[in-house]
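Model, not experiment: these values are computed from the prediction.
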Amino acid sequence: MKIIQLFTLIFALASFSQVQALENGNFFFETDWGEEVRVEVTGSYNNPKFTIISNGNYDAYEVFKQYVKSTLESRNYQYVITNGCFDCQNPAFWQGAQANTKKTKEPIFSISNVANKLVESVANTIGSRLVTDVADKIASDNSDATTSKFTVVTTKNKDGNEQPASICKITPNSCDTVERVEFSSGGGGSWAVTYPAPVILSEQYDYWRQVEEAIDRYTRNSTYQCKVVYTGSGEDLVASLVCFPSY
């Protein structure tokens, strides 16, 4: 009987201090110049695709190198929310725990974590942990924009609101602007983007699907509500996304 009570107590204490990831599939790093950069991950564990979201004050390829540096120095992190509730499924307990809810940084040390795995694998393969060596090797493996695993969404500040301004793909020594993607700003803090919609069975489906996922991951974790409309057909299918502040 005492053993059962002990397990019950342990379970209750564990439930009381539930720790949940704040956002699914993303992590952060801080640049040498103090910018916090968000990285969204799509794809699979063995074939991840990365969307780096930066404020545009520095060259996109340099921001990519900062991600490599942060990884090699074990400085990547995620945010977690600690819910101080005894029973988080019970509204009464949940409402009483709001004051005890905390958002904290949690370092990502594991080299097998998707945030670190690719960079650590390349460093091990080439036998170097120099940032330039590792970054250039990753970029050279992404021989052109169609095969690149890294997309950079650059943002701008418009009337106090963060909005996407451009999108590029990491290639050897640069970040190539994705052509045929057009961002624009509207009234009331709104913005819009048009781009070729990914068409299944088309030669560039994977490329445009990754571009679309990058835009989607940006909007999913922003303060905007968005609606997409498709026009045209076949290879001429175009997506038009319009986003408004959610407040």
Side-chain angles (χ1 to χ4, degrees), residues 7-45 48-58 62-121 123 129 131 150-155 157 160-164 213-214 216-225 245-247:
F7 275 109
T8 301
L9 177 60
I10 292 173
F11 178 79
L13 291 174
S15 299
F16 185 77
S17 185
Q18 289 187 19
V19 177
Q20 301 171 332
L22 174 63
E23 294 172 330
N24 200 10
N26 66 24
F27 62 92
F28 300 79
F29 67 91
E30 190 170 299
T31 65
D32 288 344
W33 51 84
E35 177 191 357
E36 181 180 72
V37 179
R38 186 172 94 238
V39 183
E40 296 282 344
V41 184
T42 56
S44 65
Y45 176 77
K49 304 294 192 300
F50 302 87
T51 299
I52 299 173
I53 300 170
S54 175
N55 63 22
N57 291 336
Y58 287 81
E62 288 302 314
V63 176
F64 162 70
K65 289 175 66 175
Q66 287 287 304
Y67 159 62
V68 174
K69 181 178 182 180
S70 175
T71 304
L72 294 173
E73 295 177 354
S74 301
R75 293 191 289 108
N76 295 334
Y77 58 92
Q78 62 183 349
Y79 282 105
V80 297
I81 287 180
T82 303
N83 296 325
C85 52
F86 182 81
D87 179 2
C88 290
Q89 303 302 316
N90 186 321
F93 283 117
W94 172 247
Q95 292 172 6
Q98 294 303 297
N100 296 322
T101 299
K102 297 179 181 179
K103 174 182 175 182
T104 57
K105 288 182 180 180
E106 181 179 273
I108 305 173
F109 293 126
S110 172
I111 62 174
S112 64
N113 187 288
V114 70
N116 303 325
K117 184 168 73 84
L118 176 62
V119 171
E120 290 290 349
S121 176
R129 297 188 68 80
V131 173
F150 289 87
T151 304
V152 179
V153 174
T154 298
T155 66
N157 187 290
N161 297 300
E162 179 193 273
Q163 296 182 357
E213 284 181 342
D216 176 69
R217 295 299 297 196
Y218 171 78
T219 58
R220 185 180 303 181
N221 290 296
S222 69
T223 57
Y224 291 92
Q225 293 182 340
S246 57
Y247 52 79

Do the ring planes of W33 and Y58 sit parallel (below 30°), tilted (30 to 60°) or perpendicular (above 60°)?
parallel
Quick check on I111: does its CD1 atom have over 12 non-hydrogen neighbours (other residues, nucleotides or ligands) under 6.0 Å away?
no
NZ/NE/NH1/NH2 to OD/OE distance under 4.0 Å, E36 and R38:
no
Checking the side chain of T223 only, and the main-chain atoms of S246 only, is there a donor and an acceptor separated by less than 3.5 Å?
no
I'd like to know if the side chain of S54 pairs up with that of E35 as donor and acceptor (distance under 3.5 Å, no hydrogens or angles considered).
yes
F64 vs Y67 aromatic rings, parallel, tilted or perpendicular, using cut-offs 30° and 60°?
tilted
Mind checking the NZ-CD spacing from K49 to E40? Nearest 0.5 Å is all I need.
15.5 Å
Are R129 and E120 ion-paired here, with the side-chain N under 4.0 Å from a carboxylate O?
yes
Checking F29 against T71 for the side-chain contact (heavy atoms from CB on, under 4.5 Å) test, could you report, in this order, the C-alpha distance in whole Å, the side-chain angles of both residues, the deciding distance, and whether it holds?
CA-CA 8 Å; F29 67 91; T71 304; over 6 Å; no
Closest approach of V37 and I53, non-hydrogen atoms and distance?
CG1-O, 3.3 Å
On the six-membered ring of Y45, is K117 placed so that its NZ or CZ lies under 6.0 angstrom from the centre and within 45° of the ring axis?
yes
Indicate yes or no for a side-chain donor-acceptor contact from S222 to the backbone of T219 under 3.5 Å, with no hydrogens or angles considered.
yes
When I52 is tested against each of T151, V39, T154, V153 for side chain to side chain contact (heavy atoms under 4.5 Å, CB included), which residue passes?
V39
